[in-house]
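Here's the structure we're looking at; comments come further down.
Sequence lines set the chain letters: A, B, ... in the order given, protein chains first and strands last, and positions in each chain run from 1. What you see is a predicted model, and the numbers here were worked out from it, not measured in a lab.
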Amino acid sequence: MTRQIRRLGLALIALFVVMFAQMTNLQVLQANRLAHHPGNTRDAVRDFGSPRGSIFTADGREIARSVPNTDHRSKFAWTREYPARGLYSHISGYFSFTFGSTGLERTYNSLLAGRKVAFTFKRAADLLKDRTVTADLTLTIDDRVQRVAAEALGARRGSVVALDVKSGAVLAMVSFPRFDPNPLAGVDQKAVQAAFKGLSQDPAKPLLARAYRELYPPGSTFKTITTATALSTGTATAATTYPVISELPLPLTNRPLRNFGGKACGGTLAASFTVSCNTSFARLGLDLGAQALHDGAVGFGFTARPPLDVSPGPVASRFPAVDFFTRNTPALAQSAIGQGEVAATPLEMALVAAGIANGGKIPTPHVLKEARERRASGAAQIQGESRSTWITATTPAAAAQVRDFMVDVVANGTGRRAAIAGVTVAAKTGTAQTANNRAHAWTIAFAPAEDPQVAVAVIVEDQPEVSSATGGRVAAPVARAVLQEGLAVRR
Amino acid sequence: MTATAIATAAPTIKRRRAELGLLVLALALTVSAYVLVSLGRTAKIPTNLRPFLGVIAGLLAVAHIATRRFAKHADAGILPIAGLLNGLGYVMIVRLNPTLANRQAAWTAVGIGAYVLTLVVVRKARQLERFRYTFAFVGMGLLLLPLVPGLGYNINGSRIWAHFGPISFQPGELAKLSLAVFFASYLIEKRELLGVAGRRIAGITFPEFRHAGPLLIAWMVSILVMVAESDLGSSLLFFAFFIAMLWVATQRNSYLLVGGVLFVCGSLASWQLFAHVHNRVRIWIDPWPTATKGGYQIVQSLYAFGSGGMTGTGLALGSPTRIPYAATDFIFAAIGEELGLFGTCAVLALFLVLVGTGLRTALRASTLDRPFDALLAVGLTTILALQTFIIVGGVTRIVPLTGVTLPFVSYGGSSLVVNYMLIAVLVRISHDTTTVPDPAAANPRPSD
């Protein structure tokens, strides 16, 4: 019997060895995966059980904050409030237990929710409670500029993006329609779900951050890229002349490329730019060739996702691959004037303007100015603003030449309505035809031309009664208002 | 003889002193954990700390004095380990569900009472042999009691509860103890017969077929329990500890083989025939596709272990309340989340030491040629070890999940009281097998 008992002992020990091994497996090897598994709600509960840091604009307006929960049905002590309602919905995002979080609430969750700090031992209880210190975020966005942008756009679908030319700091970023994030951060799960359902089924797509997640044909604003590419590659100079024609015959098709309203235009590259002459730039696109135009667009950031610090991040603007054009020359002509398969986000076009303003270097776009820890002993900055170049788009010489062209657009061309008294404004308008004689009205601009400070991109969707002047008539006044305010708050 | 008496008398006193020391340690750990729960929750020392300390110290003192009085030569480790497991379990239950904790406190008092009563009533383990058929009848009866209409009822799909008036309990818990006693005495008596060689097949000597009767009966009863009461855990436990005892008693490996084959056949057949068994196995193999439905429990348990990590979140600082049945079946997961790998391994180590002590007791009884004592100790120890494995393995996905309690730790009155009785019997056997012969007695061996 003794031998049997010993063997039984070995068998039972083996069972314990298996258990010890599995504990190590679960609590060490797989621990991280299990702890942060999407289905494991502990992270979310922790984030919802404590106050988060606030989000402020550059001029000190609080746009997101945690307030004590007054609803007794809730299991959470704190709830999130967005005092500016819809004005910053596509920037702050929302913080919802049911639907997760978006925008800065997501990007900077670890700062807002608090991170572990080196502990200061004062009382024993300190070890057990409040082990995290939350941080407040300050945005690069100025509430005054943001409000002017939203008012100038009004109740029209579209977007406005204003950037600091040198740093890439976003000064204003508006998408319309917008949504109020407050109901999504609510306590009553049923109400939250109903609110989300309503927003997501709305045909106007208020949840869509048009500024960085919607693609539009850039229309004539793309001519800045075509021109810069031609100048930097030597394919054309300011003096290169183009025939004065009303339509350009294209190879492989009997449908020629027409100017707006069948008007004849042409002349030098400079003159063609000022009046936004389609035939000249289509010709220039064909002269450049698929490879050069493609490389030019990619150089300005097309096909790449701009590294803006929001979540989900910007989509990449679209430009066809080189081999798309090999059997489709008309598409190359269309692409050169920003039509056809070319599509860009308003953010991308603002970056194009900033790149030209900044001597060919496109700065890294960002909305976070700084994060400061909230402590009894006073706030301490823990993350500062990042200033860097995202990409180099073109040469300083080409950028300077395009800048001069854009100044003339405001002075003598399609962008007169962007003019500001006492300030030299550079702009390029665009009227991107969609269908049924309707078009998106564009303007990209920056000022002052001699020492660029602020760049802006404006799109107003789906405008009727199209003419070549639509972009300038509809979008340029918005750009003007935003530029003026952007420059004013900097003084 | 005198030399032996002198040599063993001193260790006896040492043992009780060691037990007292270990009990103080268990008390300190329990009270510290209790204070930590309160600190974690409200950052305050619990207001009822003194009464709490007093009650726990009192209960442990009663058990210790009873051991001193009635089983003074017993191993020093058994009672403190049970007390510590009970204490840690109680603290976790306080943290998870204060209402249940009050009841668990009452059950702990009853459990200590049952421990003392068992020591008082069972003065020699061998006395139990006389009542073997009473135990057999009572054990089988208890096992099948929940099936009696009017007495038994279902909770969470398992028909393992019975009630008499306001008192409800799980008779299966007590059945394990009764049947262990019966098996031990029955198998000791029949072991010659059961061990008789039958024919040899493929190099293995099988017992004669007619002696396999009891084995088949045990197998059928366990299948019945599983089918009629949907209690997979008890069924598995019951069959496995019977096979283990049969094997130790007869020393025939063929029983292991036959038992294993029967187990596999029974498992496969029930997997095929019964939807709930099939379901459990499927969830065990891959719980993730049904993480919000059938696999919810086990997945929540795995999350808890992962979130606990190496050191745990600290008592009352995790979220183990989101694990279903956290105070009963899944209490080990709650420990895993708040005390981490260190906590779970400490609990497992306590069980391992308890199992080791039980088997050492069995070995000593075996060496002293007290086969009944030895086999009973083997049975009781195996119950503790297997039950621990079934539930710990279940909540950590080593084996399919079946609901049994983690001995001493889980919430559950029947389980707690019976486990205290179980260790009382172990303590009794331990005492018996280290009994110092009275130097004055004529008979060198104990006369009873």
Side-chain angles (χ1 to χ4, degrees), chain A residues 1-50 75-77 97-98 114 116 119 121-132, chain B residues 36 39-41 43-44 191 244 247-251 288 291-292 299-300 302-310 312-314 316-319 322 336-337 340-342 344-345 348-349 351-352 355-356 359-360 362-363 366-367 371 374-375 377-378 381-382 385-386 388-389 392-393 396-398:
Chain A
M1 199 185 263
T2 309
R3 213 177 61 180
Q4 248 70 11
I5 295 171
R6 285 185 199 281
R7 284 192 189 168
L8 180 69
L10 287 178
L12 295 181
I13 286 170
L15 291 184
F16 277 86
V17 169
V18 170
M19 289 190 276
F20 282 119
Q22 175 70 342
M23 292 331 300
T24 311
N25 178 33
L26 289 179
Q27 304 204 268
V28 180
L29 302 179
Q30 294 195 53
N32 202 42
R33 190 180 68 81
L34 290 168
H36 305 297
H37 193 281
N40 189 344
T41 52
R42 281 172 180 77
D43 283 351
V45 169
R46 187 204 60 213
D47 290 351
F48 277 79
S50 51
K75 50 188 160 175
F76 305 119
F97 186 71
T98 318
K116 286 207 162 69
F119 69 79
F121 188 86
K122 286 176 191 151
R123 294 177 301 140
D126 286 352
L127 283 174
L128 306 165
K129 293 184 80 78
D130 294 327
R131 279 187 297 188
T132 56
Chain B
L36 282 176
L39 279 178
R41 203 183 255 171
K44 288 194 186 84
R191 66 174 164 159
W247 175 63
V248 171
T250 60
Q251 313 183 24
W288 298 101
T292 54
V299 163
Q300 290 301 321
L302 296 179
Y303 287 157
F305 283 116
S307 296
M310 195 101 82
T313 59
L317 296 174
S319 317
R322 61 193 55 243
E337 175 167 2
L341 180 70
F342 296 155
T344 53
C345 284
L348 288 179
F351 278 110
L352 185 57
V355 167
L359 287 184
R360 208 171 58 226
L363 272 178
S366 170
T367 333
L375 197 54
V378 164
T381 308
T382 310
L386 284 179
T388 305
F389 180 74
V392 170
T396 57
R397 210 159 75 86
I398 299 171

Out of [options], which one racks up the most heavy-atom pairs below 4.5 Å with chain A?
options: Ser319(B), Ala385(B), Gly309(B); result: Gly309(B)
options: Gly308(B), Ser366(B), Pro371(B); result: Ser366(B)
options: Leu359(B), Val248(B), Leu375(B); result: Val248(B)

Please flag which part of [X] lies under 4.5 Å from any non-hydrogen atom of chain B: side chain, backbone, both or neither.
X: Phe20(A); value: both
X: Val28(A); value: side chain
X: Leu12(A); value: side chain

*Kindly confirm or rule out a cation-pi arrangement of Arg33(A) over Trp288(B), judged by NZ or CZ under 6.0 Å from the six-membered ring centre and within 45° of its axis?*
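Relative to the ring axis of Trp288(B), which defines the angle, Arg33(A) lies inside both limits.
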
*Please flag which part of Ala304(B) lies under 4.5 Å from any non-hydrogen atom of chain A: side chain, backbone, both or neither.*
both

*So what's closer than 4.5 Å to chain A heavy atoms on Val355(B): side chain, backbone, both or neither?*
side chain

*Heavy-atom pair with the smallest gap, counting every atom of Ala374(B) and Met1(A)*: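 That closest heavy-atom pairing would be CB-SD, 3.8 Å.
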
*Interface residue of largest heavy-atom contact number with chain B, from Thr2(A), Leu29(A), Ile13(A), under 4.5 Å*: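 With the most close heavy-atom pairs to chain B, the winner is Thr2(A).
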
*Under 4.5 Å, counting heavy-atom pairs only, tell me which of Ala11(A), Gly9(A), Ala31(A), Ala21(A) racks up the most with chain B.*
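Option with the top pair count is Ala31(A).
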
